[in-house]
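Report on one structure; see the data block that follows.
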Amino acid sequence: MANIGFTALIKSKGYNQKSLAEETGIPPGVLSHRINSRDIWTWPEVSAVCAALGITYDEFATYYPVANVRKSSAAMPTREEHIDNVLAELRAILV
């Protein structure tokens, strides 16, 4: 079932599923499965989507409860790592 609220959030941030997939590096089919709750999110995917949409993990969790996020080999980034990642992305955009 489609997560209408999350889809509306994506659109409000100027994206559609295809452009968000391109921005995050998540294959479009995989992103579609995650958004439509056909498969569970991984932390790297959550981090990439949160960074692209400019939302916090807590805001993401309002759409997808934490229980629906699969742990992966990569640990959830710390706040400092997240900030470093966002700054690196901004530097790349500005250069």
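For the atom pair NZ (Lys18) and CD (Glu23), the distance works out to 14.5 Å, reported to the nearest 0.5 Å. Atom-to-atom distance recorded for Thr24:OG1 and Arg34:CZ is 11.0 Å, nearest 0.5 angstrom. The CD1 atom of Ile26 lies 8.5 Å from the CD1 atom of Ile35; values are rounded to the nearest 0.5 Å. Going from atom CD of Glu45 over to atom CG of Leu31 covers 8.0 Å, rounded to the nearest 0.5 Å. With rounding to the nearest 0.5 angstrom, the OG atom of Ser47 is 9.5 Å from the CZ atom of Phe60. Put simply, OG1 on Thr62 and CG on Leu9 are 8.0 Å apart, with the number rounded to the nearest 0.5 Å.
Residues Tyr57 and Cys50 share a closest heavy-atom pair of CD2-SG, 3.9 Å. Summarising the geometry of Lys13 relative to Gly54, their closest heavy-atom pair is NZ-O, 4.3 Å, with the distance given to 0.1 Å. The shortest heavy-atom contact between Ala21 and Pro27 is CB-C, 4.4 Å.
Summarising the hydrophobic clusters (Ile, Leu, Val, Met, Phe, Trp, Tyr; side-chain heavy atoms under 4.5 Å, direct or chained), the residues clustered with Leu87 are Ile83, Val86, Leu90.
Residues Val46 and Tyr64 are not in side-chain contact: their nearest non-hydrogen atoms beyond the backbone lie 4.5 Å or more apart. Between Leu53 and Glu59, the closest side-chain pair of non-hydrogen atoms is not below 4.5 Å.
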